[in-house]
Number of protein chains: 2
Amino acid sequence: MGRHREFDADEALHIALQVFRRRGYEGTSISDLTDAMGITRPSLYAAFGNKEDLFRRTLDLYERRHLCFAHEALQAPTAREAVERLLRGYVDVLTDPLSPPGCLGVNGAVACSEASEPIREELIARRIVNENNLRNRLEKARADGDLPANEDPADWARYVVSIGLGMAVKAASGASRQELHRVADFAMRSWPTA
Amino acid sequence: MGRHREFDADEALHIALQVFRRRGYEGTSISDLTDAMGITRPSLYAAFGNKEDLFRRTLDLYERRHLCFAHEALQAPTAREAVERLLRGYVDVLTDPLSPPGCLGVNGAVACSEASEPIREELIARRIVNENNLRNRLEKARADGDLPANEDPADWARYVVSIGLGMAVKAASGASRQELHRVADFAMRSWPTA
DNA sequence: CTGTTACTATACTGATTGGTATGATATGCG
DNA sequence: CGCATATCATACCAATCAGTATAGTAACAG
């Protein structure tokens with residue numbers, strides 16, 4: 001069966017997540033990762049493939065461990081509550097005191113070299129999934145009479161996602177949790193009254 | 001007096017702006033720049049200093065040539081109009097068909113390696129200036145009775161800037177001008193009614 | 001115990017990074 | 001013209017990039 005791995009792969013992945021979240025995909029070197037994880041380069045490549053593979057695995061872990069609130073938020077009884085829970089939950093993730101500020105999905109890559117385009121596109125694709133999930137929830141709400149018929153679910157989803165992305169950049173720039181909740185307050189003021 | 005420069009420094013700077021705006025600060029290599037500008041490395045360093053200096057000069061050019069609408073927007077007769085002009089003007093810059101989508105100030109750097117931290121901090125500092133300019137305008141509006149006394153100018157400025165940053169990321173991800181104007185529509189719905 | 005297997009450690013690869021030394025070339029001044 | 005000066009082109013620098021070859025080591029199967 002061979003020699004056993006001397007490090008905890010799951011723990012190492014959590015550390016990689018922290019490094020990528022702070023420095024972005026291109027801003028993180030393999031040496032940054034191995035130093036933080038306390039393992040050697042061959043161990044990293046043996047356990048996680050190449051840099052792209054590792055980043056995608058950290059993305060999966062991030063969604064599973066930090067963005068899991070979104071799934072529950074969408075199940076709130078009303079659309080308004082679902083949107084508000086999404087925004088509030090995201091603010092708390094963006095300003096988690098135990099992690100670098102901001103969002104892995106935004107800090108990871110906004111603009112990058114041609115070599116990293118696949119990662120940038122992966123992040124865009126995942127954001128589209130999230131926006132579509134919200135849009136579907138709002139379409140259901142409109143069918144149920146929970147959202148006025150003249151409100152466009154696609155427009156609403158795009159707006160909420162835009163607010164989220166803006167708060168993510170703001171968080172990465174040093175905005176406090178309290179400040180971002182104030183932004184969420186203002187965002188909710190757009191919600192239709194009665 | 002010596003040999004004359006064989007290229008137009010201002011034109012070269014415009015090209016550098018396009019490259020940085022598309023690839024970000026870290027995603028752009030000196031070779032990317034010299035290839036696009038059609039000059040050699042020593043010419044670039046002689047004319048613009050080092051990479052950081054060049055990027056700061058492209059930032060100045062960008063603000064002067066693309067963000068100049070903001071100054072005029074703030075002089076609109078009402079605060080509401082000023083905010084709306086800021087958002088509309090920014091959307092048009094973000095989706096300028098002659099430039100890479102998004103904003104140099106956001107695409108430039110959101111998260112980066114330690115080596116590029118000075119650039120990231122410079123971008124944050126410039127965003128703070130913009131937010132403060134808007135806040136000052138809104139404080140004046142409140143003093144004039146143009147903005148209700150219970151509306152906080154700092155909160156409003158933070159919200160508007162967040163919307164802008166979110167639209168910038170959205171634009172860099174491929175959102176259309178029309179889609180972003182719909183986001184601006186929703187943002188303006190938060191404005192207090194009478 | 002031996003053999004096989006999978007890990008770790010060291011050292012290395014070629015390519016690319018930002019930045020420069022050097023020598024040729026072109027310009028203006030006297 | 002001839003000198004001074006500034007730009008140009010080539011070729012280079014050390015450092016770092018992502019990724020790997022090789023050899024040593026630890027664990028299980030038999």
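Below, chain A is the first sequence line, B the second, and so on; all start at residue 1.
If you find the closest nucleotide of DNA chain C to B:Thr28 and to B:Glu6, the one lying nearer the 5' end belongs to B:Thr28. Across the interface with DNA chain C, nearest-nucleotide mapping of B:Arg3 and B:Gly49 shows B:Gly49 to be the residue nearer the 5′ end. If you find the closest nucleotide of DNA chain D to B:Gly2 and to A:Asn50, the one lying nearer the 5' end belongs to B:Gly2.
In A:Glu114, the CD atom is not crowded: 12 or fewer heavy atoms of neighbouring residues, nucleotides or ligands sit closer than 6.0 Å.
Separating the CG atom of A:Asp35 from the P atom of D:dA18 is a distance of 12 Å, rounded to the nearest angstrom. One can place OH of A:Tyr25 at 13 Å from P of D:dC17, the figure rounded to the nearest angstrom. Atom pair A:Asp32:CG and D:dA18:P shows a separation of 8 Å (rounding to whole Å applied). In this structure, OH of B:Tyr45 is placed 16 Å from C1' of D:dT10, rounded to the nearest angstrom. With rounding to whole Å, A:Leu33 atom CG is found 11 Å from D:dG19 atom P. Put simply, CZ on B:Phe7 is 10 Å from P on D:dA9, counting in whole angstrom units. Following rounding to the nearest Å, B:Glu114 (CD) and D:dA15 (P) show an atom-to-atom distance of 18 Å. A straight line from CD1 of B:Ile30 to P of D:dA15 spans 19 Å, rounded to a whole angstrom.
Side-chain polar atoms of A:Ser31 and A:Arg41 form a donor-acceptor pair below 3.5 angstrom.
The base of D:dA9 lies outside donor-acceptor range of the side chain of B:Arg41, with no N or O pair under 3.5 Å. Not a single donor-acceptor contact under 3.5 angstrom links the side-chain atoms of B:Arg5 to the base of D:dT7.
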Residue pair B:Asn133, B:His71: steps toward the side-chain hydrogen bond (donor to acceptor under 3.5 Å, both in side chains) verdict: CA-CA 9 Å; B:Asn133 288 342; B:His71 184 251; over 6 Å; no
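Under the side-chain contact (heavy atoms from CB on, under 4.5 Å) test applied with A:Phe55, the options A:Leu17, A:Asp60, A:Ile119 reduce to a single match, A:Ile119.
Between B:Ser43 and D:dT7 there is no side-chain N or O to OP1 or OP2 distance below 4.0 Å. Under 4.0 angstrom from either OP1 or OP2 of D:dC28 there lies at least one side-chain N or O belonging to A:His4.
Residue contacts shown for B:Ser113 are absent, as no nucleic acid heavy atom lies under 4.0 Å away. Contacts of A:Ser116 with the nucleic acid, taken as non-hydrogen atoms under 4.0 Å apart, are absent.
Judged by the 6.0 Å and 45° rule, B:Arg65 forms no cation-pi pair with B:Tyr62. Relative to the ring axis of A:Phe186, A:Arg182 does not place its NZ or CZ within 45° and under 6.0 Å from the centre.
B:Val110 places none of its side-chain heavy atoms less than 4.5 Å from the side chain of B:Leu123.
Where DNA chain C meets chain B (any atom under 4.0 Å from a heavy atom), the bounding nucleotides read 5' to 3' are C:dT17 to C:dG28.
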